[in-house]
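Here's the structure we're looking at; comments come further down.
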Amino acid sequence: MASQIEKKLTPSRILIYATLLLACVAYLIPVFIMIITSFKTTGDIRSGNLISFPEVWSFEAWAKAWSTACTGVQCNGVSGFFWNSIKMAVPAVLISTALGAINGYVLSKWRFRGSDIFFSLLLFGCFLPFQVILLPMAATLGKMGLANTTTGLVIVHVVYGVAFTTLFFRNFYVGVPDALIKAARLDGAGFVTIFVRILLPMSVPIIMVCFIWQFTQIWNDFLFGVVFASGDSQPITVGLNNLVNTSTGVKEYNVDMAAAMIAALPTLVVYVLAGKYFIRGLTSGAVKG
Amino acid sequence: MAQLQLKGIRKTYGNAVQETLKGIDINIESGEFLILVGPSGCGKSTLMNSIAGLETVTEGSILIDGRDVTNAEPKDRDIAMVFQSYALYPTMTVRENIAFGLKIRRMPKEEIDAEVERVAKLLQIEPLLDRKPSQLSGGQQQRVAMGRALARRPKLYLFDEPLSNLDAKLRVEMRTEIKRLHQRLGTTIVYVTHDQIEAMTLADRIAVIKDGELLQLGSPKEIYERPSCRYVASFIGSPAMSFIPLTVESDGGNLRASLRSADGEQIYVPLPETLAAYEGKEIHLGIRPEHITQPLAHKAGQEATSSGKFRIEVTEPTGPDVMALIKINDTEVHCRLDPDHTVDPGEPAELMIDLSRAVYFEAGKEARIDI
Ligand SMILES: Nc1ncnc2c1ncn2[C@@H]1O[C@H](COP(=O)(O)OP(=O)(O)O)[C@@H](O)[C@H]1O
Ligand SMILES: [Mg+2]
């Protein structure tokens, strides 16, 4: 029955598909142009047209963007920035997710007097514009001796991200029946055991949501990177900006595009690997007990 | 197996204005099956959680085998609980679910395996041991939840509406099974239900709770035959007890009352001497459906029985009986007739009223008149 209904191509269905297709094309064309441009040679770009395929597929622009393109005075490509970003994003994502999980666990299953107020205040963190915390954060990092370090950036992103991860985990755990916790307590499990043995194993979808969300936020962040880091701790977004804005003679669009692709790839990879959990985790809520 | 004493348990939730438990006193003997019944929201779960240590009590004390556990952690009370939602750990297999509490208590591996086997056999869930809860039917999940409770061999079992989520047929099956388990293992059980048939069939004693107060504590027979108040009288029994308003009259030294049918016919029924204090006053007669029947030869002529014609308003055949609705003194009254005794709705029928088990209430008061 269901499949018969699905197969019927009604006008409204055609309209839906057409709209979706259009949206797809609109989103994919820039990516498509970026990709083909990054594989062209400089000559190819000048002679050919914007959406034609490269005459010869060349990896030169990628190699240059990675290791020899100039980003300001230095000409070492974006590879250094890329590793900076990895060194910043991976710990920041892991720490903020872990803290969010513990916060969410306490705020949903071990409520204390004032825990709802605490949660509301924490939620403010989700709505704070980046700009507001720039100066106080700079001062704090300076006092801690962490100005212009990757550690400093990690701390900034953890502090900023915890509001979101707490929100995610708390709402997920609210959906977990309290009876599960009661049963575990009667079985003799304590605070930590319940978290580690009962809740964490069922949290895979929401952990994935946090990973994707946090990784995308942190990896793509430019403002914190440009303000709180300098020289050898700057993230890829800053590197990309420097590369594109460095004017040494002819504009090398293929190198710019390759660098942009390099900067975008990790978030793509994370989404492809964990994406199926993303929608599920956002929509399904918790497993029924 | 253990004895459980609840002494003056009071509980007010932190964020609540109203007191949820208003002084509950119950002594539960070792091996006893105690049932808590009461309407939804009366505090049954709160009392269970307090016994288990999942909630703290505001006042009063809880003793298990004489040891005061009022402030003990749940894990130190040696209690297992079966929840209405089963609360199986979703990421663990049935085996892991049953073994969880044993592992935490650091029981050696071989002993755990043996215990899981024993429980699985007892509940006939051996083929399910390697499945996840989501792969089980409701009835199977219920068994696993019981298995998890049984595995620890705790001193005390708490069941909070364990059968409410099952369909009717399975519920009856599991009810029998729980009764059999109790007879076999002789465990102390406190069991919450709002199903009065479950209460009557399972309990050694029933505690009827309403608005956080213990209305009556007694054997099913006591509760059924000598309810302490109007509420208990109408809560237990289905169809419920009928309450007929009548006036106590004196007829040459004997007390009696008149019952008027819908057609205006009147009969007199004898009342017990002990109601003398209410002569001339209106009281309510509480009578259960099975005490208004077709004329029964073996009861004819007994002191407490009377007969009269009453118009049958509605009949509801249930199989073993026909429940009929009549009107006495302008009040609807249920009676239970033999299906072979044909009566026609709308027509008068000769009925026999047996007052030997009747109970009486003062008009406008809750408590039963002690006779
Ligand atoms: N955690 C809680 N906080 C505040 N009030 C509660 C809480 N749990 C239950 N209550 C209140 O206590 C009363 C009794 O609830 P409960 O014990 O669950 O009743 P029952 O199990 O008999 O249906 C209800 O009025 C309920 O709203
Ligand atoms: Mg309840």
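In what follows, every chain begins at residue 1, and chains take the letters A, B, ... in the order their sequences are listed.
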(request) Nearest 0.5 Å please: distance from the CZ atom of A:Arg197 over to the CD1 atom of B:Ile104. (result) 6.0 Å
(message) Return the OG1 to CG distance between B:Thr91 and A:Leu200, rounded to the nearest 0.5 Å.
(response) 10.0 Å
(message) Working to the nearest 0.5 angstrom, can you tell me the gap between A:Leu186 CG and B:Arg148 CZ?
(response) 9.0 Å
(request) Quick one: which of B:Asp76, B:Asn15, B:Val82, B:Asn49 has the most heavy-atom pairs under 4.5 Å with chain A, could you say? (result) B:Asn49
(message) What part of B:Phe83 gets within 4.5 angstrom of chain A, counting heavy atoms only: side chain, backbone, both, or neither?
(response) side chain
(request) Give a yes or no on whether A:Leu135 atom CG has more than 12 heavy-atom contacts from other residues, nucleotides or ligands under 6.0 Å away. (result) no
(request) Might you point out which heavy atoms bring A:Leu180 and B:Tyr89 nearest each other, and give the distance in Å? (result) O-CE2, 3.8 Å
(request) Check step by step if salt bridge (charged side-chain N to carboxylate O under 4.0 Å, His left out) holds for A:Asp187 and B:Arg152. (result) CA-CA 8 Å; A:Asp187 266 342; B:Arg152 275 190 6 236; 3.1 Å; yes
(request) Please report the closest heavy-atom contact between B:Pro90 and A:Met202, naming both atoms and the distance. (result) CG-SD, 3.6 Å
(message) Just checking A:Trp83: does its CH2 atom have more than 12 heavy atoms from other residues, nucleotides or ligands closer to it than 6.0 angstrom?
(response) no
(request) Supply the atom-to-atom distance B:Ser85 OG to A:Lys182 NZ, rounded to the nearest 0.5 angstrom. (result) 9.0 Å
(message) Tell me if the CZ atom of A:Phe112 is crowded by more than 12 foreign heavy atoms within 6.0 Å.
(response) yes
(request) Could you tell me which non-hydrogen atom of B:Pro74 sits nearest to which non-hydrogen atom of A:Arg185, and how far apart they are? (result) CG-NH2, 3.6 Å
(request) For atom CD1 of A:Ile117, decide whether the heavy atoms of other residues, nucleotides or ligands shown that lie under 6.0 angstrom number more than 12. (result) no
